[in-house]
Amino acid sequence: MPRPEQPAVAVITPTGLHPTRLPFIEELYESLRAQEDATWEWVLAPNGRRAEPDLVPRAITRDPRVKVIARPEPGPAPARNTALNYVEAPRCTFADDDDRLTPRSLALRNDHAIATGLRWAAGRSADWDPESGSLSTWMCPTPVGPLAAGEVLDYWPDPLVSKPPLGHCMLLTDTPLARAVGNGGLHKGEDYTFLTGICARWAGELLPDVVYHRRVHPGQWTAEHSYRDQAEYDARTHAWLKGHAERELLTEGASVGSAISRTLPREHGQRSSPPAVR
């Protein structure tokens, strides 16, 4: 294949390359190939002891838009973070290895971010049952429309009662912001801390369009009863506290910056106004 043009968006996918997931990964790849009006790169990050890069289907690895960055030991959170080292695109998003993107998923969010100057834009997510073909849009607590920095937290009053009011795969962010916030280092729920860090630090917008299809299947880890353990609740609380800390620091910084600007002398070389003549 010829060398691809500079990508507009990077898609990052951590994966354990479990044999049952390989067909799903191929479907995700096909959804990337079907993207309209957006150039992309895909950073596939196998992680875990059984995640051998040679398991990735050849049809995927021969595509020059795909980078396979193996991380044998650390798990999904470090894999997500280190995958950002290899991103060349100015904006990025995450996609799980068993899901897929809608055809204009990247273009809708990327174009809106560029047009508005926002550092993040999100779209809706829908639960997708491939057996029946049904789609059920998640009407998340966060409302459609512009959102001030930290406002998303207003729609997540109690981390012990519910998960965050947006999904991290719904977000498309600029790459420097994604690197600055990161995914923490948690065993599970690392996506929670990424989401709250992004939304608490910068203003963004939730679009009404569905951009992400979350596969419904028996192997869905987050649907297992054992997923809801103390570690998951701790991850929620960590993300909730992180978001509120980010928001408080942002408010404090704006207040301090305003106070400093009122006390600083004028810039060197700038003439002050002469005193009024009495």
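Keep in mind that the numbers below use all heavy atoms, side chains included, and drop hydrogens, waters and symmetry copies.
- Judged by distance alone, the side chains of S105 and R109 do bring a donor and an acceptor atom under 3.5 Å apart.
- Contact detail for V181 and G197: the closest heavy-atom pair is CG1-CA, 3.7 Å.
- At least one donor-acceptor pair under 3.5 Å links the side chain of R247 to the backbone N or O of G150.
- Annotation: R179, atom CZ; neighbour count of heavy atoms from other residues, nucleotides and ligands within 6.0 Å is above 12.
- Judged by distance alone, with hydrogens and angles left aside, the side-chain atoms of Q6 form a donor-acceptor pair with the main-chain N or O of E88 at under 3.5 Å.
- Cation-pi geometry between R100 and W128 is met: the NZ or CZ atom falls under 6.0 Å from the ring centre, inside 45° of the normal.
- No donor-acceptor distance shorter than 3.5 angstrom exists from the side chain of T137 to the backbone of A126, with no hydrogens or angles considered.
- Side-chain contact between T173 and C92 is present, with at least one heavy-atom pair separated by less than 4.5 Å.
- Between K188 and D229 there is a salt bridge, with a side-chain nitrogen of the basic residue lying less than 4.0 Å from a carboxylate oxygen of the acidic one.
- Of all non-hydrogen atoms in L166 and C199, the two that sit nearest each other are CD1-SG, 4.2 Å.
- With D96 contributing its side chain and D98 its backbone, the two residues share no donor-acceptor pair below 3.5 Å.
- A perpendicular orientation is assigned to the rings of Y29 and W40, their planes being inclined by more than 60° (bins at 30° and 60°).
- The shortest heavy-atom contact between T102 and V210 is OG1-O, 3.3 Å.
- A donor-acceptor distance shorter than 3.5 angstrom exists from the side chain of T39 to the backbone of A8, with no hydrogens or angles considered.
- A donor-acceptor distance shorter than 3.5 angstrom exists from the side chain of T196 to the backbone of Y192, with no hydrogens or angles considered.
- Inter-residue side-chain proximity for H18 and F24 is flagged as unmet; no heavy-atom pair is nearer than 4.5 Å.
- Within the model, atoms CG of L177 and CG of L118 stand 11.5 Å from one another, a figure rounded to the nearest 0.5 Å.
- Between D127 and R214, at least one side-chain nitrogen of the basic residue sits less than 4.0 Å from a carboxylate oxygen of the acidic one, meeting the salt-bridge criterion.
- Rounding to the nearest 0.5 Å places OG1 of T251 at 8.0 Å from CD of E248.
- Note on ring orientation: taking the six-membered ring where Trp is involved, the planes of H168 and F94 are tilted (angle from 30° to 60°).
- A donor-acceptor pair shorter than 3.5 Å can be found between the side chains of R71 and T82.
- If you run side-chain contact (heavy atoms from CB on, under 4.5 Å) between L171 and each of D191, L206, L195, only L195 comes through.
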